[in-house]
Amino acid sequence: MGRIATAAIVSLWVIPVSVLVNRIVPDPYMDEIFHIPQAQKYCNGDFMSWDPMITTPPGLYYLSLVHVAALLPSKYVLQLAPSFPEACSTAVLRSVNGVLAVLCSIIVYEIITHLRPALDDRKVTLFATVLALYPLHWFFTFLYYTDVASLTAVLAMYLACLKKKYLFSALLGAMAVVIRQTNIIWMLFVACSGVIDITMAHQKDSVEVDDSKASNKGTNLSALNTSVNVSSNLKRRKSRGNSKANQHIFYPSNTSSASQTLGLLHEIQAIVLSSWRIKWELLVSFSPFFFVLLAFVAFLLWNGSVVLGAKEAHAVSPHFAQIMYFSILFPLFLRLLCISQ
């Protein structure tokens, strides 16, 4: 029920705002002057021509063909577009992102439900609706850009990985890369998160097995060792009490920071060792992601650059300002997430 409510709420603003935008700005706007003519060429069956100013792959145009094909019967019945090329108008192409925005909100709902199953439907619907109003996502919902399609594909890939459908997740990752090639970074992020999830699950299972074995072995000796352990622990606490108190008085911050650092390093080491123990299972599960990565490397070698067109204006270079933006915003949002939980 929450999914339907989320889709209905998002549709309540997508439809009227889309109508308003198409009335005020009926012609291609900003980078639409490149994307819409290219999509219309695909509608005419011309798949060989390519605008050299377009930098992203043609994934959005293929999705548009599917969208237009789904709308064509109704347009033909209503005599709005007697042929397929005539159905690829600016308004229809823009509506692709409107449909994807509604689908994206449902995917966000599913992700929140999976990560926080204790939340009720009302809160999840509220969170998904608020996230659908994210300014950049909301703005490009009403234009023919790759942003909404790219985000929808990436989130769908993440959701499939959370549900341990790794082959389907890799296919969605390939689609995300075909829409926008920089999504290869998000595909690697999703694959790494899946590896960590499997590794942590194996660690939890091994700890439970060890605890059960230890409890079974210790049942016979527990009665004999209880009195001895209690007396020895009391003596140790009395002898170490003063020294520990002095350490906490003089070195509180250093010991805490050092323990946190050692704890983090220990966790990383444990994850790496556990991953190595189950390396064949991880290799089988995430091999589809590896094949997508190989295909992307082959594309780079063939194309000579990350972008398709306008290569001179989009040369790869270090962007230290982006790193600083990320280093400021990431801890902020992480802190807000911890507070919300």
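- Note on Val19: it does not cluster hydrophobically with Phe139, by side-chain heavy-atom contacts below 4.5 Å among ILVMFWY residues.
- Note: Phe189 and Tyr158 have tilted aromatic rings, judged against thresholds of 30 and 60 degrees for the angle between ring planes.
- Counting all heavy atoms, side chain and backbone alike, Val10 lies closest to Ala101 at CG1-O, 4.3 Å.
- The shortest non-hydrogen separation linking Val102 to Ala7 is CG1-CB, 3.7 Å.
- Between Pro28 and Thr90 there is a side-chain heavy-atom pair separated by less than 4.5 Å.
- In this structure, the separation between CG on Asp46 and CD on Gln40 is 12.0 Å, given to the nearest 0.5 Å.
- Counting all heavy atoms, side chain and backbone alike, Ser11 lies closest to Pro16 at O-CD, 4.0 Å.
- In this structure, the side chain of Ser169 does not engage the main chain of Tyr166 through any donor-acceptor pair within 3.5 Å.
- Shortest non-hydrogen contact noted between Met187 and Leu293 is CE-N, 4.2 Å.
- The side-chain heavy atoms of Val17 and Thr141, taken from C-beta on, include no pair separated by under 4.5 Å.
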Query raised in the report: Yes or no on side chain to side chain contact (heavy atoms under 4.5 Å, CB included) for Leu133 and Trp13, after CA distance, side-chain angles and deciding distance?
Result: CA-CA 10 Å; Leu133 287 170; Trp13 73 67; 3.6 Å; yes
Query raised in the report: Please walk me through it: do Thr152 and Ile179 pass side chain to side chain contact (heavy atoms under 4.5 Å, CB included)?
Result: CA-CA 10 Å; Thr152 304; Ile179 295 173; over 6 Å; no
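- The structure places CZ of Phe34 at 6.0 Å from CG of Asp31, a figure rounded to the nearest 0.5 Å.
- Using a 4.5 Å heavy-atom threshold, the side chains of Tyr42 and Pro58 count as touching.
- For the pair Gln181 (side chain) and Thr55 (backbone), a donor-acceptor distance under 3.5 Å is present.
- Note: Asp121 CG to Ile112 CD1 = 11.5 Å, rounded to the nearest 0.5 Å.
- Within the 4.5 Å cutoff, no side-chain heavy atoms of Glu110 are placed close to those of Leu155.
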Report task. Could you walk me through whether Ser105 and Thr129 pass the side chain to side chain contact (heavy atoms under 4.5 Å, CB included) test, one step at a time? Result -> CA-CA 7 Å; Ser105 65; Thr129 304; over 6 Å; no
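- Residue pairs meeting the salt bridge (Lys or Arg N to Asp or Glu O under 4.0 Å) criterion with at least one partner in residues 171-187, sequence neighbours excluded, are Asp147-Arg180.
- Placement of Leu60 and Tyr62 within a single hydrophobic cluster is found when ILVMFWY residues are connected by side-chain heavy-atom separations under 4.5 Å, directly or transitively.
- Judged as a salt bridge (Lys or Arg N to Asp or Glu O under 4.0 Å), the pairs with a partner in residues 88-106 (not counting sequence neighbours) are, in order, Glu32-Arg94.
- With rounding to the nearest 0.5 Å, the separation of NE2 in His137 from CG in Leu131 is 9.5 Å.
- Side chains of Val25 and Phe142 form no contact here, defined as non-hydrogen atoms less than 4.5 Å apart.
- Contact detail for Ala156 and Leu172: the closest heavy-atom pair is O-CD1, 3.4 Å.
- Ring geometry for Phe299 versus Phe296: interplanar angle of 30 to 60°, hence tilted.
- Looking at heavy atoms from C-beta onward, Tyr144 lies in side-chain contact with Ser64 at the 4.5 angstrom threshold.
- We find the CG-CD1 distance between Asp27 and Ile36 to be 9.0 Å, quoted to the nearest 0.5 Å.
- Cluster membership for Val178 and Leu188, using ILVMFWY side-chain heavy atoms within less than 4.5 angstrom, is not shared.
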Report task. Mind running side chain to side chain contact (heavy atoms under 4.5 Å, CB included) on Thr6 and Val108 for me, showing each step along the way? Result -> CA-CA 10 Å; Thr6 302; Val108 171; over 6 Å; no
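- In Tyr134, the OH atom is not crowded: 12 or fewer heavy atoms of neighbouring residues, nucleotides or ligands sit closer than 6.0 Å.
- The backbone N or O of Tyr109 sits less than 3.5 Å from a side-chain atom of Thr113, completing a donor-acceptor pair.
- Residues Leu159 and Lys163 have side chains in contact (heavy-atom distance under 4.5 Å, counting atoms from C-beta outward).
- No path of Ile, Leu, Val, Met, Phe, Trp and Tyr side chains, each step under 4.5 Å between heavy atoms, connects Ile111 with Ile106, placing them in separate hydrophobic clusters.
- Heavy-atom neighbours of Tyr29 OH from other residues, nucleotides or ligands within 6.0 Å: at or below the threshold of 12.
- Below 30°, between 30° and 60°, or above 60°: for Tyr61 and His35 the angle between ring planes is between 30° and 60°, a tilted geometry.
- Between Ser49 and Lys41, the shortest heavy-atom distance links the atoms OG-CD, 3.3 Å.
- Note: Trp186 CH2 to Ile184 CD1 = 13.5 Å, rounded to the nearest 0.5 Å.
- Between the side chain of Asn97 and the main chain of Leu143, a donor-acceptor pair closer than 3.5 Å is present.
- Linking Ile, Leu, Val, Met, Phe, Trp and Tyr whenever their side-chain heavy atoms come within less than 4.5 Å puts Ile24 and Tyr145 in one cluster.
- Hydrophobic clustering, defined by side-chain heavy atoms of Ile, Leu, Val, Met, Phe, Trp and Tyr closer than 4.5 Å, groups Leu126 together with Val130.
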